[in-house]
Amino acid sequence: MRGMDLSLNHTQKLRLQRALESLESGTNSNASVTVADTIPVNQEDGVLKGHGTTDLDGEVVATVCGVIERVNKLVYVRTLRARYKPEVGDIIVGRVLEVAPKRWRLEINFSQDAVLMLSSMNLPDGIQRRRTAVDELNMRSIFEENDVICAEVRDFMRDGSLQLQARSQKYGKLERGQMLTVSPYLVKRRKQHFHHLEKYGIDLILGCNGFIWVGEHVETKDNMIEDEPSKPDPKNNKSQISISLEEQEQTYTPLETRQYICRIANAIRVLSTLGFSITVDVIREIVDLSTSKGLDIHDMLGAEFCVLVAEKEAERRR
Amino acid sequence: MGSVKRKSPGETPSTHTPQPNKQQKNDTNSNNTSLTTNNQTDAGVACVHDVSYPENYVPAPRRSNTDQDSKPAKEFPFTLDPFQSEAINCLNVGESVMVSAHTSAGKTVVASYAIAMSLRNQQRVIYTSPIKALSNQKYREFKEEFSDVGLMTGDVTIEPNASCLVMTTEIWRSMQYKGSELTREVAWIIFDEVHYMRDRERGVVWEESIVMAPKNARFVFLSATVPNAKEFADWVAKVHQQPCHIVYTDYRPTPLQHYLFPTGGDGLYLVVDEKGKFREDSFQQALNALVPVNEKKDNGKGQKGLVNGRAGEDSDIFKMVKMIIQRQYDPVIIFSFSKRECEFLAMQMAKMDLNDDDEKVNTETIFWSAMDMLSDDDKKLPQVSNMLPLLKRGIGVHHSGLLPILKEVIEILFQEGLIKCLFATETFSIGLNMPAKTVVFSNVRKFDGDKFRWLSSGEYIQMSGRAGRRGIDDRGVCILMVDEKLEPSTAKMMVKGSADCLNSAFHLSYNMLLNQLRCEDGDPENLLRNSFYQFQADRAIPDLERQMKILQEERDSIHIEEEDSLENYYSLLEQYKGLKKDVRDVIFSPRYCLPFLQPGRLVCVRCTSSDESTPTFSIEDHVTWGVIVNFQRVKSLSEEDADKSPEDANYTVDVLTRCAVSKDELSKKTIKIIPLKERGEPAVVSVPISQIDNLSSVRLIIAKDLLPLENRENTLKKVSEVLSRFSKQGMPLLDPEEDMKVKSGSYRKAVRRIEALENLFEKHEIAKSPLIEQKLKVLHKKKQISAQIKSIKKSMRSSSALAFKDELKARKRVLRRLGYATRDDVVELKGKVACEISSADELVLTELMFNGVLKDIKVEEMVSLLSCFVWQEKLHDAKKPREELDMLFTQLQDTARRVAKVQLECKVEIDVEGFVSSFRPDIMEAVYSWAKGSKFYEIMEITQVFEGSLIRGIRRMEEILQQLILAAKSIGEVELEAKFEDAVSKIKRDIVFAASLYL
């Protein structure tokens, strides 16, 4: 039962079991291997051994647990519940661990910490220039420890460490919301990982590394034109303070939005407990389901709702 | 898109009146230009300055950094030309600029100012150029001046962290796809030779780079003169939402004189003087001096006279060079359009010695100090050892087939003035400023892949730009060697025509699609929407709309009485004509009519109508009679025709009839067939069978010799007699069925329908109306206009839709079919591999890799296989590679065929066999033994190709291998990665990868 930690009563258990069984019937499980399992390649010529495989006495052997995947003559093993394995172009959410010279170190659920160079993100003033020592000193004003950041995987360095980048304004610091951690395999690579749920006024970022961000919607502005007038004027410090007070007023998140954030977050938690793929459509459905049933936010994590979701999923896939 | 036109002093005031809301911008601009325009007193060198603003653009308040502006970032030791200072003003304001001027005018000044400015402001600046060699040269030039300069080409990387980076445009594009930190730091991007954008193969790289460039960056575009610079600037302004200035000048620092040199003649004829006046009279003289090379022309190649010369005489090129040296017009660049011709011409200079002893010693020193970096074996290469004696005599050759190092030595020697006479191909006309006093075109026709064509005016401008050294010569000399009759209009077009337009050559590639798809917010459609191609298409729409409106108004203004019945009549007429034509086609198919085309038969021939465009609307045609003299088969140029059966060939019939012969000013005779009774000469003309209307059953006996005029006149008289004799009952005609034995169902049907139609005509009321002819003409015109409107509507529909939309769909389908991307446009593993491959066909190479072909073969074999991806030249007498290589090649061909077929099935337009044969096995052997460790001279013995081409090929393979290393890494195949790395180390050695002399 996938090691789920739920307190179910007897009927719920049965219902859940039935739902999961019907889900599993569609998938074939014979392609899965554990470490040191031989992968049959039928003595073909020119077999390419991809990730998670190695050559042992002329046989192709798995080095991780997972599912065998084949693309033409390439054989590789896709891991299941392992740490996140980054690929170039992935959108990830991470948490700043350390501010280092010219770079931030981020925890992203990878076997190493990822690196975001100061030069790999746009400066707040939007001017194209080389990063100076002053910029380096001001790095903490951009991100500091424990900030949650969204970025894109740019490149692997020669030593295998990971470089991130923030291509545009929509990447960067995430505020006013919650970060959830799920198993990375639950998040599939999609064309879109940023989602704006207009109905609730919420941004949802499904990081490929299993970190998911649910937060209040922020309008990403094109800083090109608007930036000019709003440049901080050093001579006028007083007005700046008053602005920042106003800004504080603006940054207040309404209760309703906060509730939505929690509701969506709980929907993701339910999916994660059940081990279902997390996509924006499924999340929407579950949120709708919970509101239509009139459930309170905290009730969503109860056993009954969980079983309900599983049944619904089983029904959907049938 | 608002524009404000402002011309610099010295030009007549612009007639363009700015719109009221633009007035203010005009003011702000003229404020800051008034600072520097005061020293522009030279009236002759004016330039045009224009600005493109994006739509809804609000000009930002001028930054308050005027204190910086007061001191220029760089001072020049000479007075700037107006166009240079105009452009620099734009840079100072911090706005993008496009500079369009001749090669020699000094655009580099603008680039170096932009670099100086960026360095001062601690910003990074990128300089891109289309050619590696040019990048190397520019790197050296900038390095000397600014020191904080780096270089990145496919071959070398030097100081990639420098503030100013010189690179090829391809590298810059891939850096943008990869999101290099440069994209966040670069403030100015300089695109040199941006007119390369119209290059069919590589032009798209410029569009990609410009569209994807960071939004806050500013641009400097340097381009040859292009008439539509404004359009380009409008596009940049729109895509990047920033103003873009245009500074245009067609000023040449040294004026040009254009001469003609007729083949076989021995003199120069001035055709265009330095003021740009075309001299008709001396042009005619030049053409008259043309000695006919040979009566038999060999299909326009016509280089016989140039190359062979007549026995005992010097060849033309020799005479020419001798004359140039005598008149002290040296140094001279002689352009020809093929590498072989280049070398051949140089060989004819064997008797000439243009250098004195001092210069000889100098040449030799420079030459050997450059060759020093080569190994002893490589120094013995025939190309190296053969070149020196030539160079010592002051004669050089420059084309892409040379070893890169030789090419560079020759460039250096030329710049030092040690080469007086350089034979070069077109490539020499692009890039670094290497002027000569004289430029000679050894040919005015160029082979462009499938046929010979006249040189275009744009090419002529580019190449003639090498004539005239600034500050040394007071004028440049341009000599065209003419070996064929060329019309004054063609020559005028070439010599005086305007530069080529900068048109988009956008096309899609899979690598581009995948790279776009891979980015989170990358969308190929977005790229398409912002492309210059789309911009140009959109731009055409208002024009088309206007045209359509005019036509519609015209159509509506035509009123015709009784239109319905007239139209009815009109359509009947059309049908009637169509049927008549069908019948004629049957009767006069050679099968039926050839036996009756005997000499002496009277035929009815249609007169040449004076105006072809207005068709006649009577049932009667204008016809006249004549006598057949002979008939012959039309010989077409292609050889396949020879085995056509006599029935299918085309024939012309020589007919004696009354003609009006007139001569126009070009001494071209035009002969018109006219009715017998009119005044004119009796003449024999060849008419196509289709012009014959009827064959009569009467045959005359004609005089044997028709050359004397009287004989012809008499024959025609006889014709008239016969005609008058039969005038009452009509000429007896050959009956198609009885006499000519035409047996065809369609013929009978058509004849019956004609009869029915003739009855209808008689019943038709309107046919009796007196003005029927005119009315029909009006109706015809109306119909034509309607058809025009229809076609305009069609082209409007196609341009308003997203360009390439269908192709994009088809290509995405291909990617899905082959498993590179999913239905939701998520790039899969194979797609990620193909992303990395940009220097070869990404699909075929990825398929080869995933099919394990590269896995089990030896490294040398793999390298040899890769050579097929880079080699495109066709060799005629290339040997087949050895068996194991040939087998690999077959595998490659199979893969290519499969990929091509999938594309075809997905409705991508592709010629499957053409695609397959674009992979050439010709250098497989050579590359194989190079990877085995052979010396360069050894592999040159194996193959017949040019040294330089082979080196370029191997260098490009190294590029591919580097990309493959990354690809192998991304799929986690360690062994393959190691193999690729091994391959790189095997081919990257010696002369092939000898560093450039400019570095």
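In what follows, chains are A, B, ... by sequence order, proteins preceding strands, each numbered from 1.
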Report the option among [options] that has the most heavy-atom pairs separated by less than 4.5 Å from atoms of chain A.
| options | answer |
| --- | --- |
| B:Val186, B:Asp825, B:Asp824, B:Val974 | B:Val186 |
| B:Glu828, B:Lys830, B:Gln242 | B:Lys830 |
| B:Leu854, B:Ile857, B:Asn161 | B:Asn161 |

Counting only heavy atoms not in A:Lys188 (residues, nucleotides, ligands), do more than 12 fall under 6.0 Å from its NZ?
yes
Non-hydrogen atoms of chain B under 4.5 Å away: do they reach the side chain of A:Glu87, the backbone, both or neither?
side chain
Is it the side chain or the backbone of A:Thr132 that comes within 4.5 Å of chain B heavy atoms, both, or neither?
side chain
Point-to-point distance, once rounded to the nearest 0.5 Å, from CG of A:Asn122 to CG of B:Asn216:
8.0 Å
Please classify the contact of [X] with chain A as side chain, backbone, both or neither, using a heavy-atom distance under 4.5 Å.
| X | value |
| --- | --- |
| B:Ser163 | both |
| B:Thr822 | neither |
| B:Lys178 | backbone |
| B:Gln176 | backbone |
| B:Ile971 | both |

Candidate pair A:Gln165 and B:Arg184, rule side chain to side chain contact (heavy atoms under 4.5 Å, CB included), full reasoning:
CA-CA 10 Å; A:Gln165 64 170 339; B:Arg184 274 169 222 91; 2.9 Å; yes
Given 3.5 Å as the limit, does a donor-acceptor pair link the side chain of B:Glu973 with the main chain of A:Gly50, or not?
no
Do you know the tightest heavy-atom contact between B:Asn851 and A:Lys73?
O-CD, 3.2 Å
Could you tell me which non-hydrogen atom of B:Phe850 sits nearest to which non-hydrogen atom of A:Leu74, and how far apart they are?
CE2-CD2, 3.5 Å
Considering only heavy atoms from C-beta outward, does the side chain of A:Leu48 approach that of B:Glu975 to under 4.5 Å?
no
Given side chain to side chain contact (heavy atoms under 4.5 Å, CB included), test B:Glu847 with A:Asn72 step by step and report yes or no.
CA-CA 9 Å; B:Glu847 286 297 312; A:Asn72 298 13; 3.7 Å; yes
